[in-house]
Amino acid sequence: MAEAKSGKIEVSQTDIAEIRQSVAQLCAKYGEDYWLEMDRSHGYPSDFVAELTQAGFLGVLIPEQYGGSGLGVLEASAVMEEVCKSGAHAGVCHAQMYVMGSVLRHGSDEQKNQYLPKIARGELRLQSFGVTEPTTGTDTTSLKTTARKDGDNYVVNGQKVWISRIEHSDLMLLLARTTDKDKTQKKTEGLSVFIIDVKAAQGNGLEIRPIESMINHHSCELFFDDLVIPSESLLGEEGKGFKVILDGMNAERILIAAECVGDGRYFIDKASSYATERTVFDRPIGQNQGVQFPIARSYTEVEAASLMVEKAAKLFDAGLPCGAEANMAKMLASEASWKAGDVCMQTHGGFAFAKEYHIERKFRETRLYQIAPISTNLILSFVAEHVLDMPRSY
Ligand SMILES: Cc1cc2nc3c(=O)[nH]c(=O)nc-3n(C[C@H](O)[C@H](O)[C@H](O)COP(=O)(O)OP(=O)(O)OC[C@H]3O[C@@H](n4cnc5c(N)ncnc54)[C@H](O)[C@@H]3O)c2cc1C
């Protein structure tokens, strides 16, 4: 491995293959029954997350000076893909990788020194990102949570929804309005990001209510009632928080796309093996083109999505614009993994419904990514407007 001009460590295809192999070995210790049990009990896989952290995989994006590996999104994508390919649910920890990117790019030296080494060592978890609100949804700049300056503090009031992993995180990044929308020149102005100490806030102005949901994603509703946070919690400049979160969103989309590629490969492996083994009418079901063609088509779609993930990751790591590619990768990969899940279900017939086959759990999990962290329609409108120069639709 060599140091690149960007400060990131350059790795070869061989290094990436080694990363994949090590992640796969680690994940093999946590078999599918482990994940089924987590799903059934709504449990949090603390031991898996701790081991992934200790092995350095969740800190791949943290620069070496803060105790991470200093690698890029390309390598981080390989980690996430392997996690998902193993049958695991990466949603329990993926944000640990990319949320810290906002601290890295926009934090003061003090904040970086305070948080990043501890995150790299696994002593602090920063894996919660509080953006979505119940009444405004995708219309982020209309969010209603406010943080009002009060002496040396800010006072936070409002509500968030679907904030994942907060019960298993020490810190959360929170997006709130510091200037009313009608008092700013642009609607993206007047928003600010804060680093919230979750344990200190809970019960002192922050109430956390878990949402019972389709997958084991540990998502919650948050209620802020005069939560007092110190001014030093501000991340980046006051009023410029939209830029702080936008930067991180491209990394998030690429990594989630990589997870979908991993899910897709998981489904295709399962479907092709089962189609080869399962005999009905005295022949393997996979001998029928009606069974094998959908699997082959799905494989082709996942491979194509994987290329877009790689393109987006390489652009991100080179510091080049990658908004369109990150969005397209997320859309293509989430659709490909969902279709692969559907094909895998169909190939398994009735057994697909048996929990012990694990397909239905992964099927539910991969469905999320056509909706979160950004829904497909919003990606299409981004491409239409920003790539194809068509009129803005909203
Ligand atoms: C399990 C889970 C975990 C999540 N984790 C987090 C988290 O950790 N942090 C966080 O901040 N958020 C989180 N979210 C929220 C997620 O990012 C949002 O659900 C997602 O961005 C969609 O927003 P919404 O649900 O408000 O949908 P809405 O904005 O209400 O949209 C509903 C539907 O209408 C469509 N739509 C809306 N406007 C338009 C338009 N102008 N043109 C065309 N179509 C449109 C959308 O595409 C969508 O299909 C999570 C969600 C889930 C389900």
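Computed from heavy atoms alone, side chains included, the values below leave out hydrogens, waters and symmetry copies. As the structure lists them, so they are numbered: ligands from 1, and atoms in each ligand from 1. Only a predicted model underlies this, so the values are computations on that prediction, with no experimental measurement involved.
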Check step by step if side-chain hydrogen bond (donor to acceptor under 3.5 Å, both in side chains) holds for Asp263 and Ser337. CA-CA 6 Å; Asp263 284 345; Ser337 70; 4.9 Å; no

Protein heavy atoms near [atom], is at least one of them under 4.0 angstrom away?
{"atom": "atom 41 (N) of ligand 1", "value": "yes"}
{"atom": "atom 25 (O) of ligand 1", "value": "no"}
{"atom": "atom 30 (O) of ligand 1", "value": "no"}
{"atom": "atom 9 (N) of ligand 1", "value": "yes"}
{"atom": "atom 33 (C) of ligand 1", "value": "no"}

Are a donor atom and an acceptor atom from the side chains of Glu133 and Thr145 found within less than 3.5 Å of each other? yes

May I ask you to check if ligand 1 and Val131 share an N or O to N or O distance below 3.5 Å? yes

Take every heavy atom of Pro373, measure it against each atom of ligand 1, and state whether any distance is under 4.0 Å. yes

Check if Ser213 has a non-hydrogen atom at a distance under 4.0 Å from any atom of ligand 1. no

Tyr266 six-ring face occupied by Lys85 cation (under 6.0 Å, within 45°): no

Does NZ or CZ of Arg392 lie under 6.0 Å from the centre of the six-membered ring of Tyr394, at an angle within 45° of the ring axis? yes

Run the numbers for me: atoms of ligand 1, each under 4.0 Å from some heavy atom of [X], listed by number.
{"X": "Gly137", "value": "26 (O), 29 (O)"}
{"X": "His217", "value": "3 (C)"}
{"X": "Ser375", "value": "46 (C), 47 (O), 48 (C)"}
{"X": "Ser219", "value": "1 (C), 2 (C), 3 (C)"}

I need the Met100 CE to Leu124 CG distance, nearest 0.5 Å. 13.5 Å

Checking salt bridge (charged side-chain N to carboxylate O under 4.0 Å, His left out) for the pair Glu356/Arg361: CA distance, chi angles, key distance, verdict? CA-CA 10 Å; Glu356 65 179 290; Arg361 172 180 59 82; over 6 Å; no

Between Asn377, Leu368, Ile371, which one has a non-hydrogen atom sitting closest to atom 53 (C) of ligand 1? Leu368

Residue selection (non-hydrogen contact nearest atom 14 (N) of ligand 1) among Tyr369, Tyr394, Phe129, Trp162: Trp162

Among protein heavy atoms, which sits nearest to [atom], and what does the distance come to when rounded to 0.1 Å?
{"atom": "atom 36 (N) of ligand 1", "value": "Leu378 CD2, 4.1 Å"}
{"atom": "atom 28 (P) of ligand 1", "value": "Thr138 OG1, 3.6 Å"}
{"atom": "atom 15 (C) of ligand 1", "value": "Thr132 OG1, 3.2 Å"}

Closer than 3.5 angstrom, by distance alone: can the side chain of Thr53 be matched with the main-chain N or O of Leu58 as a donor-acceptor pair? no

Kindly assign one of parallel, tilted or perpendicular to the pair [X] and [Y], based on the angle between their ring planes and the thresholds 30° and 60°.
{"X": "Tyr30", "Y": "Tyr34", "value": "perpendicular"}
{"X": "Trp338", "Y": "Phe363", "value": "parallel"}
{"X": "His168", "Y": "His218", "value": "perpendicular"}

Ligand 1 contact on Ser164 by region, counting heavy-atom pairs under 4.0 Å: both

Under a 4.0 Å threshold between the charged nitrogen and the carboxylate oxygen, would Arg364 count as salt-bridged to Asp39? yes

